[in-house]
Amino acid sequence: VCNRLGDQSVDESYQCMRDIAALDFACATDHGYNINAYLWSYLGKLARLNHDPDRFLTFLGEEWTSTFEEYSEEHPYGFYGHRNLILADLYFPRWWNSRNYQTPAQVWEDLRKMNANFVQIPHQLADTGNVPTDWNYTDEEAQPVAEIFQIRGSYEYQGAPREAARTTPKPGYFLQDAWARGIVIGVIASPDHGGGYGKAAVYAPELSREAILDALRARHCYGTTAAKIFLDVRVDGHLMGEKVAKPAAKNLEVAIRCRCPGEIGRIEVCRNNQFIYTNEPNGREAKLTFIDSKPLEGRSYYYVRVIQEDEEIAWSSPVWFGAE
């Protein structure tokens, strides 16, 4: 409903994602305030009809779209932000309209009371054209990952490559800002309007709704722009997204494998929001190891960014050390 003049229908969008983009899984997430009982039933029906076993997996979902119609000193751009709700049950009986003034935590409480298998994903994180994400609401199980990139651009940090055009003038809403606050949250990307931009890549043992959502809750995932970049990151043997209770050991190893559809421009390792290593390999594939001989004491986190020569990007979820 949001952009009828510019978007495909839900059915056409599923066909494009399945048959042209050759994606493994997808979810159509219209705004909760646009949905009524008929449209919710219709979204579920189209998700069921477009599911193609072992080839294309669909989810039922919505965008919980907290408002930009009211402002305050605490929330100069509106409150709470936009979060995409992804459900495993294609017959789930209800949706949530953020205009009832619930907080994100109250939505999660409702979902848990209904024994829902779900994740909710912060969307267009630092964008003033809508509402930036309020990082006061966090939950590692209900909200395990965030959308670092979509058609508007990147929300990695202020000044990042391919930064979105309408980001907040001050930091505080970007994904690096959330990590700096001690929030444990992984990385995906997704397209929003326009289809082909933004992809979530997930390490799961099988193509099932339960396995995909479990992998997102484990943060075994990464995000890319339009390119289908393969990325495998292990930090001292821990797959991207994992938490380690002990602080980083001396001579910590970051092992990186990537395979890109375009020429690799550079591969970067970021520790606590500071890039500490850059490699510029030749070609479209790379396998390399970086040793951090002077890791930080206490809590730290590492993630990897791959940038092709054509500026297509992949971001891994971090691995956290000293994190309970």
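- In summary, the side chains of Trp135 and Asp177 do not present any donor paired with an acceptor at a separation below 3.5 Å, with no hydrogens or angles considered.
- Salt bridge annotation for Glu268-Arg305: present, with a cationic side-chain nitrogen under 4.0 angstrom from a carboxylate oxygen.
- Using a 3.5 Å distance cut-off with no hydrogens or angles, the side chains of His31 and Thr65 do pair a donor with an acceptor.
- With contacts defined as side-chain heavy-atom distances shorter than 4.5 Å, the pair Tyr203/Asp232 qualifies.
- Put simply, Ile291 and Ile256 are part of two different groups of oily side chains (I, L, V, M, F, W, Y) that touch within less than 4.5 Å, one to the next.
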Practice task
Check the pair Glu163, Arg152 against salt bridge (charged side-chain N to carboxylate O under 4.0 Å, His left out), reporting the backbone distance first and the verdict last.
Solution key: CA-CA 8 Å; Glu163 180 184 357; Arg152 294 176 177 87; over 6 Å; no
Practice task
Applying side-chain contact (heavy atoms from CB on, under 4.5 Å), run through Ile86 and Leu213 and close with a yes or a no.
Solution key: CA-CA 9 Å; Ile86 313 297; Leu213 293 182; 4.3 Å; yes
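- Side-chain contact of Gln274 with Asn272: a donor-acceptor pair under 3.5 Å is absent, judged by distance alone.
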Problem - Chi angles and distances behind the side-chain contact (heavy atoms from CB on, under 4.5 Å) call for Asp30, Glu62 - result: CA-CA 5 Å; Asp30 204 352; Glu62 63 153 327; over 6 Å; no
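- Atom NZ of Lys243 has more than 12 heavy atoms from other residues, nucleotides or ligands within 6.0 Å.
- Ring orientation note: the planes of Tyr303 and Phe275 are nearly perpendicular, at an angle over 60° on the 30°/60° scale.
- The structure places CD1 of Ile35 at 12.0 Å from OG of Ser41, a figure rounded to the nearest 0.5 Å.
- A donor-acceptor contact closer than 3.5 angstrom links the side chains of Asn279 and Tyr277.
- Here the straight-line distance linking atom CG of Leu252 with atom CG of Asp236 works out to 4.0 Å at 0.5 Å rounding.
- A donor-acceptor pair is defined here as one N or O able to donate and one able to accept, closer than 3.5 Å; such a pair exists between the side chain of Ser66 and the backbone of Phe79.
- In the model, Glu206 has a side-chain atom that pairs as donor or acceptor with a side-chain atom of Ser208 under 3.5 Å.
- Defined by atom type and a distance below 3.5 Å, a donor-acceptor pair is missing between the side-chain atoms of Tyr77 and Asp127.
- A heavy-atom distance below 4.5 Å is found between the side chains of Val119 and Arg217.
- Summarising the geometry, atom CD1 belonging to Ile307 is positioned 9.0 Å from atom OG1 belonging to Thr278; distances are rounded to the nearest 0.5 Å.
- Counted within 6.0 Å of CG on Asn100, heavy atoms from surrounding residues, nucleotides or ligands total more than 12; the atom is thus considered enclosed.
- Panel note: side chain Arg48, backbone Leu90; a donor-acceptor pair is recorded below 3.5 Å.
- In summary, the side chains of Gln150 and Ser190 do not present any donor paired with an acceptor at a separation below 3.5 Å, with no hydrogens or angles considered.
- The local environment of OH in Tyr71 is crowded, with over 12 non-hydrogen atoms from other residues, nucleotides or ligands closer than 6.0 Å.
- Trp179 and Val233 are not part of a single hydrophobic cluster, where members link through side-chain heavy atoms under 4.5 Å apart.
- Here the OH-CH2 distance, from Tyr80 to Trp64, works out to 7.0 Å after rounding to the nearest 0.5 Å.
- Using a distance-only test at 3.5 Å, with no hydrogens or angles considered, a donor-acceptor pair links the side chain of Ser154 to the main chain of Glu156.
- Remark: the backbone N or O of Gly182 is paired with a side-chain donor or acceptor of Arg299 at under 3.5 angstrom.
- Judged purely by atom type and a 3.5 angstrom limit, Arg219 has no side-chain atom pairing as donor or acceptor with the backbone of Gly186.
- Formation of a donor-acceptor pair under 3.5 Å by the Thr289 side chain with backbone atoms of Val254 is not found in this model.
- Proximity of Asp134 to Tyr173: side-chain heavy atoms (C-beta onward) are nowhere separated by under 4.5 Å.
- The shortest side-chain heavy-atom distance between Trp40 and Leu60 falls under the 4.5 Å cut-off.
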Exercise for the section: Show your working on salt bridge (charged side-chain N to carboxylate O under 4.0 Å, His left out) between Glu312 and Arg162 and close with a plain yes or no. Expected result: CA-CA 9 Å; Glu312 296 294 329; Arg162 297 185 66 175; 3.6 Å; yes
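- Using a 4.5 Å heavy-atom cutoff, the side chains of Asp139 and Tyr137 are not in contact.
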Handout entry: side-chain contact (heavy atoms from CB on, under 4.5 Å) evaluation trace for Trp315 with Val304
Key = CA-CA 6 Å; Trp315 300 264; Val304 170; over 6 Å; no
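- Under a hydrophobic-cluster definition in which Ile, Leu, Val, Met, Phe, Trp and Tyr are linked whenever side-chain heavy atoms come within less than 4.5 Å, directly or via other members, Ile151 and Leu125 are assigned to the same cluster.
- Under a hydrophobic-cluster definition in which Ile, Leu, Val, Met, Phe, Trp and Tyr are linked whenever side-chain heavy atoms come within less than 4.5 Å, directly or via other members, Val319 and Val269 are assigned to the same cluster.
- Under 3.5 Å, the side chains of Glu242 and Trp320 contain no donor-acceptor pair of N or O atoms.
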Enumerate, atom names and distances included, each donor-acceptor pair closer than 3.5 Å involving a side-chain atom of residues 15-26, sequence neighbours excluded.
| residue | atom | partner | partner atom | Å |
| --- | --- | --- | --- | --- |
| Gln15 | NE2 | Asp11 | OD2 | 3.4 |
| Arg18 | NH1 | Asn50 | O | 3.4 |
| Arg18 | NH1 | Asn50 | OD1 | 3.0 |
| Asp19 | OD1 | Arg55 | NH2 | 2.8 |

Practice task
Run the numbers on Asn251 and Ser293 for side chain to side chain donor-acceptor pair (under 3.5 Å), then give the verdict.
Solution key: CA-CA 4 Å; Asn251 295 325; Ser293 60; 4.9 Å; no
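- With values rounded to the nearest 0.5 angstrom, Leu175 atom CG is found 14.0 Å from Phe149 atom CZ.
- In terms of modelled atom types and a separation under 3.5 Å, the side chain of Lys287 and the main chain of Cys258 share no donor-acceptor contact.
- Looking at Pro261 and Gln308, their side chains come closer than 4.5 Å, going by heavy atoms from C-beta outward.
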Practice task
Report the C-alpha distance between Val145 and Val187 in whole Å, list the side-chain angles of each, state the deciding distance to 0.1 Å, and finish with yes or no for side-chain contact (heavy atoms from CB on, under 4.5 Å).
Solution key: CA-CA 5 Å; Val145 297; Val187 170; over 6 Å; no
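- In this structure, Phe118 and Phe92 have side chains that are not in contact, with every pair of non-hydrogen atoms separated by 4.5 Å or more.
- Checked by atom type and distance alone, the side chain of Glu210 never pairs as donor or acceptor with a backbone atom of Ala88 at under 3.5 Å.
- Put simply, the side chain of Thr133 never gets that close to the backbone of Pro122: no donor and acceptor are under 3.5 Å apart.
- Cation-pi geometry between Arg94 and Trp96 is met: under 6.0 angstrom from the ring centre, within 45 degrees of the axis.
- Residues Lys294 and Asp292 are not paired through a salt bridge, judged by the lack of any N-O separation under 4.0 Å between the basic side chain and the carboxylate.
- When all heavy atoms are compared, the tightest approach of Ala200 to Ile188 is CB-CB, 3.8 Å.
- Residues Glu70 and Tyr101 have side chains that bring a donor and an acceptor to within less than 3.5 angstrom of each other.
- Not a single donor-acceptor pair under 3.5 Å links the side chain of Glu253 to the backbone N or O of Phe290.
- At least one side-chain heavy atom of Leu85 sits less than 4.5 Å from a side-chain heavy atom of Leu111.
- The hydrophobic clustering, which links ILVMFWY residues whose side-chain heavy atoms are closer than 4.5 Å, places Tyr302 and Ile267 together.
- For the atom pair CG (Asn34) and CD (Glu63), the distance works out to 9.5 Å, reported to the nearest 0.5 Å.
- With 3.5 Å as the limit, one finds a donor-acceptor pair spanning the side chains of Asp110 and Gln102.
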